Amino acid sequence: QVRLVESGGGLVQAGGSLRLSCAASGGTFSTFAMGWFRQAPGKEREFVAAISRSGAATYYVDSVKGRFTISRNNAKITVYLQMNSLNPEDTAVYYCAAAERRGLEYYYATYHNQGEYDYWGQGTQVTVSS
């Protein structure tokens, strides 16, 4: 049973930074492409960032490009989301997700659709005050 546990959320002032972590267990982390999504109050969950199994490929929603950085440490079976220059519009519950793809052809692939992910964490709240 694959389990994803997010941490690192909290309250921060506008312009500040947070680093989210997502620790995986119960699966083979190197076969997971990883992603971060978020859901703001009253809105649908949206894609934020993704990273390939290799870690060499990343993909971001336009609104966070240049401010957020996704990375992974396969030895620590953890994926990170470094968030800088936060603004109130970034306030949301942030979810970590894993897409299990075992073939070598998926080694550099990233995914930004929710339906492409197989496993989800419980979410961590990020609140940015103005």
Side-chain angles (χ1 to χ4, degrees):
Q1 182 73 13
V2 174
R3 186 178 182 215
L4 303 175
V5 179
E6 302 97 334
S7 60
L11 174 64
V12 64
Q13 288 188 335
S17 298
L18 283 174
R19 188 175 83 154
L20 305 183
S21 299
C22 171
S25 62
T28 305
F29 190 67
S30 61
T31 67
F32 297 158
M34 302 297 295
W36 286 96
F37 291 76
R38 66 186 179 186
Q39 187 167 20
K43 295 186 177 181
E44 294 187 353
R45 188 161 57 184
E46 66 170 355
F47 168 79
V48 176
I51 189 165
S52 63
R53 287 171 49 192
S54 67
T58 57
Y59 185 77
Y60 299 91
V61 68
D62 286 347
S63 61
V64 308
K65 285 180 180 176
R67 300 189 298 123
F68 291 10
T69 302
I70 188 170
S71 61
R72 65 188 294 159
N73 185 323
N74 284 355
K76 295 184 177 180
I77 53 174
T78 300
V79 64
Y80 305 96
L81 186 67
Q82 177 66 44
M83 306 185 295
N84 299 328
S85 302
L86 286 161
N87 59 63
E89 290 70 39
D90 297 316
T91 294
V93 177
Y94 283 71
Y95 297 90
C96 169
E100 189 171 21
R101 302 289 186 274
R102 294 183 177 273
L104 289 176
E105 63 269 34
Y106 304 115
Y107 195 57
Y108 296 100
T110 58
Y111 306 93
H112 61 278
N113 292 315
Q114 295 183 54
E116 295 176 299
Y117 286 86
D118 304 298
Y119 308 104
W120 293 83
Q122 82 290 348
T124 186
Q125 176 70 48
V126 171
T127 303
V128 184
S129 63
S130 58

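All values reported here derive from a predicted model rather than from experimental measurement. The first residue of the sequence shown is numbered 1, and numbering continues consecutively from there.
Here the CE atom belonging to Met34 is positioned 14.5 Å from the OG1 atom belonging to Thr58, to the nearest 0.5 angstrom. Here SG of Cys22 is found 8.5 Å from CD of Gln122. Values are rounded to the nearest 0.5 Å. Rounding to the nearest 0.5 Å gives a distance of 9.5 Å between CD of Gln125 and OH of Tyr94. For the atom pair CG (Leu11) and CD (Gln13), the distance works out to 8.0 Å, reported to the nearest 0.5 Å. Atoms CZ and OH, from Arg19 and Tyr80 in turn, are 5.0 Å apart once rounded to the nearest 0.5 Å. Between the OG1 atom of Thr28 and the CD atom of Glu100 there is a distance of 7.0 Å, given to the nearest 0.5 Å.
Contact detail for Ala98 and Leu4: the closest heavy-atom pair is N-CD1, 3.7 Å. Scanning all heavy atoms of the two residues, the minimum distance from Ser130 to Pro88 falls at CB-CG, 3.8 Å. For Ser21 against Thr78, the heavy-atom pair with the smallest separation is CB-CG2, 4.2 Å. Shortest non-hydrogen contact noted between Met83 and Leu20 is CE-CG, 3.7 Å. Nearest heavy atom pair, residue Ala50 against residue Thr110, reads CB-CB, 4.0 Å.
Counting only residues at least two apart or on different chains, the ring-ring contact (aromatic ring centres under 6.0 Å, His included) pairs with a member in residues 2-51 are Phe32-Tyr119, Phe37-Phe47, Phe37-Tyr117, Phe37-Trp120, Phe47-Tyr59, Phe47-His112.
Judged by distance alone, the side chain of Gln82 and the main-chain N or O of Ile70 form no donor-acceptor pair under 3.5 Å. With Asn74 contributing its side chain and Ile77 its backbone, the two residues share no donor-acceptor pair below 3.5 Å.
Of the listed residues (Thr127, Val12, Val64), just one forms a side chain to side chain contact (heavy atoms under 4.5 Å, CB included) with Leu86, and that residue is Val12. The only option from Glu6, Glu89, Glu46, Glu44 that meets the salt bridge (Lys or Arg N to Asp or Glu O under 4.0 Å) definition with Arg38 turns out to be Glu46.
Contact check for Tyr60 versus Thr69: side-chain heavy atoms found under the 4.5 Å cut-off. Inter-residue side-chain proximity for Ile51 and Val79 is flagged as met; some heavy-atom pair is nearer than 4.5 Å.
Between the side chains of Ser52 and Ser54, a donor-acceptor pair is found at a separation under 3.5 Å. For the residue pair Ser17/Asn84, the side-chain donor-acceptor check at 3.5 Å is satisfied.
A cation-pi arrangement is absent between Arg53 and Tyr107, since the terminal nitrogen or guanidinium carbon is not both under 6.0 Å from the aromatic centre and inside a 45° cone about the axis.
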- Please test Leu81 against Phe68 for side-chain contact (heavy atoms from CB on, under 4.5 Å), starting from the C-alpha separation and ending with a verdict. CA-CA 7 Å; Leu81 186 67; Phe68 291 10; 4.2 Å; yes
